[in-house]
Protein chains: 2
Amino acid sequence: MFSSDLKRGSMDLFVLSALDGRSRHGYDIGKVLEVRSGGQLQLPVSTLYSTLYRMEDRGWIKGRWVEKGGERRRCFYTLTPAGQTALHTQRQEWAAFAAMVTLVIGAGHAGLGDVAE
Amino acid sequence: MFSSDLKRGSMDLFVLSALDGRSRHGYDIGKVLEVRSGGQLQLPVSTLYSTLYRMEDRGWIKGRWVEKGGERRRCFYTLTPAGQTALHTQRQEWAAFAAMVTLVIGAGHAGLGDVAE
DNA sequence: TTGACATATATCGTCAGACGAAGTATCGTC
DNA sequence: GACGATACTTCGTCTGACGATATATGTCAA
């Protein structure tokens with residue numbers, strides 16, 4: 001749907017957001033993001049899991065294996081305090097970035113009166 | 001200012017936007033983007049020129065060398081018809097992506113009543 | 001009961017692209 | 001003539017998204 005390059009800067013934020021307020025296992029994170037986006041955001045599993053492993057390495061999330069009888073084994077991830085901070089920081093950074101992009105690419109620049117004419 | 005990963009999906013759009021309505025040389029593109037963003041967007045020259053070369057390879061922009069007497073040599077880039085189309089498409093894609101991200105990462109999901117509870 | 005499909009995770013290799021570093025060259029100015 | 005701004009080039013590195021492939025269990029229908 002959206003290009004890999006576009007997603008590149010937001011993958012962590014997607015996962016962080018999905019884990020805001022409750023723990024989830026990897027597969028569930030993918031599903032939740034798909035639902036929340038109205039089907040627009042479909043993350044390949046390889047992307048999803050590699051993102052999860054990277055984030056756990058960074059200490060933003062913590063995985064916990066659950067193997068209840070009669071159920072598949074799943075790893076439930078939870079935000080660490082560092083992850084909470086990262087979520088907060090990245091939400092703000094994203095808003096600032098989006099505002100900046102809108103400003104820079106806005107159609108209001110074309111034609112006369114341009115910068116450094 | 002902003003992370004490389006965040007910029008990754010928007011570099012082409014930045015350059016395309018800078019060339020919307022008039023041709024510019026590489027160094028100028030960098031300066032214009034910096035000014036338009038209020039100093040927030042500072043592109044390393046290596047990033048800027050490699051983006052330009054890639055885009056010319058794709059046929060989105062066309063360079064023309066100008067060597068007027070008493071001036072430095074400069075390559076002025078202009079949008080091709082394909083570049084115009086790409087600009088239009090990418091502006092729309094960016095808006096759609098930003099809306100999707102806002103929807104997905106919005107703070108309105110935390111706590112009760114969540115998806116797939 | 002078998003076959004298909006959803007659930008659930010792991011690992012590997014490839015590819016694109018942002019960037020730092022280092023280099024070349026011209027122009028103005030102090 | 002040294003310095004800083006202008007202007008472009010090339011190379012190597014690193015990160016991260018993704019396709020492919022593998023493994024295994026649960027559910028449901030023919």
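Residue numbers start from 1 in every chain, and the chains themselves are labelled A, B, ... in the order their sequence lines are given, proteins ahead of strands.
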Nearest-angstrom distance from the residue atom CD of E67(A) to C1' of dG26(D): 15 Å
Minimum side-chain heavy-atom gap H25(B)-Y77(B) below 4.5 Å: no
Base-pairing assignment for dC30(C) (Watson-Crick or G-U wobble, both under 3.5 Å): dG1(D)
Value in whole Å for how far the C1' atom of dC27(C) lies from OH of Y27(B): 12 Å
Non-hydrogen side-chain atoms of F2(B) and M100(A) separated by less than 4.5 Å: yes
Nearest-Å distance for atom pair NZ/C1', residues K68(A) and dT7(C): 15 Å
Any R72(B) side-chain N or O less than 4.0 Å from OP1/OP2 of dA7(D): yes
Atom-to-atom span, CZ of R64(A) to P of dT9(C) - whole angstrom: 12 Å
Proximity to DNA chain D (any heavy atom under 4.0 Å), residues of residues 39-56 of chain A only: P44(A), S46(A), T47(A), T51(A), R54(A)
Any I29(B) side-chain heavy atom under 4.5 Å of L52(B) side chain: yes
Side chain R8(A) and base dT15(D) donor-acceptor under 3.5 Å: yes
Whole-Å gap separating C1' (dC27(C)) and NE2 (H25(B)): 13 Å
Axial cation check for W60(A) ring with R58(A), 6.0 Å and 45° limits: yes
Heavy-atom pair with the smallest gap, counting every atom of L33(A) and A18(A): CD2-CB, 4.1 Å
Non-hydrogen side-chain atoms of F14(B) and S37(B) separated by less than 4.5 Å: no
Euclidean distance, atom CG of residue D5(B) to atom P of dC18(D) [Å, nearest integer]: 12 Å
Distance, rounded to the nearest Å, where L33(A) contributes CG and dA17(D) contributes P: 13 Å
Salt bridge R54(B)-D12(B), side-chain N to carboxylate O under 4.0 Å: yes
Pairwise 5' ranking along DNA chain C for W65(A) and K7(B), keeping only the more 5' one: W65(A)
Contact under 4.0 Å: R58(A) side-chain N or O vs dG16(D) OP1/OP2: yes
Distance, rounded to the nearest Å, where I29(A) contributes CD1 and dA8(C) contributes P: 12 Å
